[in-house]
Amino acid sequence: MTDALHILKVALDVPLDRVFDYATIEPNTQIGQYVIVPFGPRKMIGVVVGISNTTLIESKKLKSIIRCDPEVIFDEQSFKLFQFCSQYYHYPLGQTIMSAVPSRLKKLNTKGMVKKYLYRLTPKVFALGIDALPPRQMLLKRIVMALIDATQLDEASLRSISSTWKKSIETLDEMGWIEKEEAKLDDKVFLQAPIPALNLDQKKALDAILARNKEFIPWLLYGITGSGKTEVYIRLIEEVLKKDYAQVLVLVPEINLTPQLESRFRSRFEKYKLITLHSHLTDNERLLNWRLAKEGKAQIVIGTRLSIFTPMPQLSLIIIDEEHDASFKQQEGLRYHARDVAVFRAKSKNIPIVLGTATPSLETWFNTTKIKAPKKFGFIKLTSRAVKDSTLPEIKCIDISKSTFTKGFSPYLIEAIRDRLNKKQQSLIFINRRGFAPVLLCSACQWTGKCTRCSSRLVVHLNQKRLRCHHCGYDEKIPQQCPTCGNADLYPTGQGTQRVEETLKEFFPEARILRVDRDSTRTKEALNDLFLKMKDREIDILIGTQMLSKGHDFPYLSLVGVLDTDQALYSSDFRASERLFSQLMQVSGRAGRANIKGEVYIQTAFPHHPLFEALKTHNYEHFANELLKERELAELSPFTFLVLLKAEAHQLTSVMQFLNDAMQKAQDLSHHVTVYNPVRPIMERLKGMERAQLVIQASSRIALQKLLDDWVPYLRENKLGQKVKWIVDVDPFDF
Ligand code: ADP
Ligand code: ZN
Ligand code: ZN
């Protein structure tokens with residue numbers, strides 16, 4: 001090995017818990033740069049995590065990097081975070097790091113990344129005058145003239161002047177005649193909302209957090225929808241940004257990052273650079289924004305789950321809105337919980353973190369209120385709605401066993417909708433999405449359409465006249481007659497949003513009905529459009545599952561009807577009722593504003609269930625405390641900690657052999673955890689794979705982590721695991 005060689009330790013996206021050595025002759029390579037390296041027959045993107053001048057690899061086998069990009073993409077803070085995630089979630093460090101690299105950088109074939117710029121003339125031009133341009137450079141002159149006219153031009157406009165505009169711009173740049181600014185992605189005009197004076201609760205909240213804004217404290221900011229939490233975030237951010245070098249990260253659930261929320265923030269932070277990071281952006285836009293954050297140029301970052309990994313050198317405050325939201329848990333690859341990672345990040349930076357919600361997760365509630373142990377979280381409560389005269393909606397349960405129903409609707413609900421139509425007010429019909437897609441049923445033999453590759457029923461899509469598997473995408477025509485008995489009377493059961501829509505159309509042919517589901521609100525524009533239509537009263541009845549976004553008031557919405565939630569009351573998923581409560585609380589919050597009283601009708605067979613009793617009195621605290629008691633008795637989270645090992649293969653025997661061996665090993669390794677027998681999940685088969693899983697439970701997080709430290713490497717080495725696809729999920733959400 002020659003002296004001039006440097007050995008780079010490179011993290012790669014491969015399922016091996018180690019880094020790889022590569023040689024480079026470039027002396028100035030830094031940790032955090034990204035590189036392209038040969039890996040077997042392929043080229044791969046990697047991140048430099050260490051630099052050394054020795055390696056255990058023989059020099060003839062040592063490979064060199066192909067290319068090193070000058071950009072340092074991660075700082076020391078970031079590596080701390082990756083280290084933590086890799087250790088805590090028992091996921092290889094390389095893959096952990098690579099999950100945080102913006103996807104645009106992971107695309108090998110496209111060289112570099114073109115930033116979008118706006119170009120302007122510098123004052124120098126006006127001082128010297130256009131005659132100072134070199135003679136016979138007509139194109140330069142044309143561009144300068146165009147810039148004088150338009151003040152600033154983007155690349156598309158420059159291209160329309162000449163296809164060789166770039167060269168001219170470079171010349172002008174060298175002359176110091178132009179300045180460029182990265183183009184804002186969003187140049188909309190924002191509504192200027194009046195800035196309210198804080199009420200007493202809000203003031204107390206702000207003061208409490210500001211009094212200790214230089215230290216790590218997780219604050220629970222607890223208050224119903226409309227109690228003014230967002231206003232508190234805004235004031236807090238204003239104060240924190242008064243410092244010269246400060247950045248703030250605001251995490252929101254994907255569905256809540258609406259144009260309205262964004263523009264509310266933008267209108268209040270005009271003098272700061274605010275960027276968003278979420279899946280509606282293109283990879284290029286995302287990278288551009290990510291870089292602004294990483295370089296400390298963006299003071300405010302609003303983003304979804306993944307943005308918790310954005311390097312922010314001057315991070316001084318983290319806010320998590322709707323901290324209870326399940327979408328903060330990543331369900332693939334690195335299965336992190338963005339809230340938990342955020343708390344770790346705040347702790348390691350010694351900065352405050354604010355968790356805002358109307359319905360705290362039981363974990364957070366426990367950490368904030370538990371009486372026995374020292375409280376880990378600061379607690380702030382906003383007690384009422386911030387806007388004067390706005391009242392909470394009245395919540396009523398309709399007992400479905402006591403009245404006659406027409407196609408899933410009780411006459412009370414129908415009358416209530418009719419009443420709103422007469423008053424020119426709006427109604428929202430909410431369907432709890434999970435498990436309520438309609439399936440096709442034969443009235444004679446009870447046949448239902450099943451997916452051949454999954455243990456799931458096919459869902460009826462009436463508009464396309466298709467049956468579709470929602471798990472694997474399998475799709476077929478709706479049969480004319482029953483495949484088993486030949487009966488032609490096949491009908492859809494269950495309340496899908498489409499069926500609800502058809503039923504309501506029959507009841508109210510004159511009403512303007514809009515059905516929204518995840519697909520129809522996928523883009524920002526579609527969502528925005530929907531809210532404008534609601535605001536302009538172009539919709540009478542809205543049917544939906546999960547479009548309850550933050551930052552949207554529907555001023556004319558006064559009725560919410562809730563269908564089919566009962567299965568969540570008695571679900572096998574222990575978090576189902578916690579989720580249902582927060583969902584219903586959130587939909588209820590849609591009904592009734594300043595001067596229109598809201599009503600919520602819930603159709604249920606269990607009108608006296610404690611969940612509904614708590615909802616009627618808007619008493620989350622009582623409900624949460626009761627749930628905590630149940631969880632303690634059942635030894636569930638937050639009283640115990642869980643790990644899930646999921647496995648799948650074509651042959652069930654391979655899965656079971658692997659899991660039984662894993663169970664045995666876990667039992668041998670630790671006596672401080674409970675290892676359960678392998679079981680089949682509800683979805684036994686998925687995409688042609690047989691599935692099973694096992695759960696390990698522990699009352700001590702440390703004991704559990706200690707076990708995992710030995711167990712996961714064992715699983716990785718295990719020969720039985722070679723025929724099986726398996727994953728380990730720490731603090732799992734879905735079973
Ligand atoms: P949350 O985030 O808790 O849902 P917001 O901060 O969005 O609550 O406040 C709800 C509404 O009340 C918004 O329209 C907001 O402008 C208004 N608001 C907030 N604080 C006040 C206040 N102190 N006085 C009057 N209106 C307020
Ligand atoms: Zn049949
Ligand atoms: Zn399927």
Side-chain angles (χ1 to χ4, degrees), residues 191-206 220-237 250 252-253 256 258 260-265 267-268 319-323 354-360 380-390 392 437 439-459 467-476 479-491 548-555 585-586 588-590 592-594 683-689 691:
L191 321 160
Q192 198 74 46
I195 300 170
L198 294 187
N199 63 33
L200 198 62
D201 276 347
Q202 287 171 315
K203 227 180 140 343
K204 274 198 216 153
L206 189 65
L220 169 61
L221 179 61
Y222 164 61
I224 52 169
T225 308
S227 59
K229 297 185 293 296
T230 311
E231 191 58 41
V232 173
Y233 306 153
I234 291 175
R235 299 299 176 97
L236 197 55
I237 297 171
V250 183
V252 295
N256 285 353
T258 58
Q260 276 67 18
L261 182 81
E262 193 182 326
S263 62
R264 182 166 167 196
F265 270 82
S267 80
R268 297 289 290 275
I319 289 169
I320 304 195
D321 192 28
E322 311 288 340
E323 70 78 36
V354 178
L355 313 180
T357 172
T359 51
I380 298 166
K381 182 169 162 180
L382 304 181
T383 47
S384 58
R385 277 193 166 174
V387 176
K388 261 197 236 123
D389 305 329
S390 90
L392 292 169
V439 301
L440 204 63
L441 183 73
C442 167
S443 61
C445 77
Q446 313 298 309
W447 168 89
T448 58
K450 289 198 193 73
C451 179
T452 50
R453 308 168 63 205
C454 311
S455 26
S456 71
R457 298 209 156 81
L458 297 173
V459 175
L467 296 179
R468 199 166 290 157
C469 172
H470 279 194
H471 297 279
C472 72
Y474 170 84
D475 166 285
E476 65 178 47
Q480 298 292 319
Q481 53 193 39
C482 172
T484 41
C485 76
N487 171 23
D489 183 23
L490 303 176
Y491 64 97
L548 318 151
S549 313
K550 173 103 186 169
H552 283 292
D553 290 346
F554 298 136
M585 190 90 163
Q586 203 164 10
S588 306
R590 299 291 116 206
R593 283 290 146 169
M683 185 66 76
E684 292 188 351
R685 268 155 57 76
L686 184 69
K687 301 180 190 178
M689 302 287 262
R691 312 182 341 142

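Counting starts at 1 for both ligands and their atoms, following the listed order.
- Listed by number with element, the atoms of ligand 1 under 4.0 angstrom from any heavy atom of N199 are 23 (N).
- Of all the heavy atoms in P253 and D321, the pair that sits closest is CD-O, 3.5 Å.
- Checked by atom type and distance alone, the side chain of D201 pairs as donor or acceptor with a backbone atom of T383 at under 3.5 Å.
- A heavy-atom distance below 4.5 Å is not found between the side chains of V354 and I380.
- Both the backbone and the side chain of T230 come within contact range of ligand 1, each with a heavy atom under 4.0 Å.
- The two residues L490 and P479 make their nearest non-hydrogen contact at CD1-O, 3.6 Å.
- Contact atoms of ligand 1 toward A197: 22 (C), 23 (N), 24 (N) (distance under 4.0 Å to a heavy atom of the residue).
- Protein-derived N/O/S atoms nearer than 2.8 Å to the Zn ion (ligand 2) total 4, waters excluded.
- Qualifying salt bridge (Lys or Arg N to Asp or Glu O under 4.0 Å) partners for R457, counting only residues two or more places apart in sequence or in other chains: none.
- Contact check for K381 versus K204: no side-chain heavy atoms found under the 4.5 Å cut-off.
- Heavy-atom proximity to atom 7 (O) of ligand 1, evaluated over R264, E231, Q202, is greatest for R264.
- Considering only residues two or more places apart in sequence or on other chains, E476 meets the side chain to side chain contact (heavy atoms under 4.5 Å, CB included) condition with L458, L467, Y474.
- A salt bridge does not link K229 with E322: none of the charged nitrogens is closer than 4.0 Å to a carboxylate oxygen.
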Walk me through it: do L355 and Y222 pass the test side-chain contact (heavy atoms from CB on, under 4.5 Å)? CA-CA 8 Å; L355 313 180; Y222 164 61; over 6 Å; no
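- Short contacts between ligand 1 and L198, defined as distances under 4.0 Å to a heavy atom of the residue, involve ligand atoms 23 (N).
- Which of G356, G223, P196 comes nearest to atom 26 (N) of ligand 1 through a heavy atom is settled by distance: it is P196.
- Contact atoms of ligand 1 toward K229: 1 (P), 2 (O), 3 (O), 6 (O), 8 (O) (distance under 4.0 Å to a heavy atom of the residue).
- Note on the Zn ion (ligand 3): protein N, O or S atoms under 2.8 Å away count 4, no waters included.
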Passes side-chain contact (heavy atoms from CB on, under 4.5 Å), V250 versus I237? Steps please. CA-CA 10 Å; V250 183; I237 297 171; 4.0 Å; yes
Stepwise, does the side-chain contact (heavy atoms from CB on, under 4.5 Å) test hold for R235 with R268? CA-CA 9 Å; R235 299 299 176 97; R268 297 289 290 275; 3.4 Å; yes
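- Looking at every heavy atom in both residues, Y233 comes nearest to I320 through OH-O, 4.3 Å.
- Here I224 has backbone heavy atoms under 4.0 Å from ligand 1, and that is the only part of it that gets that close.
- Side-chain contact between N199 and Q202 is present, with heavy atoms from C-beta onward closer than 4.5 Å.
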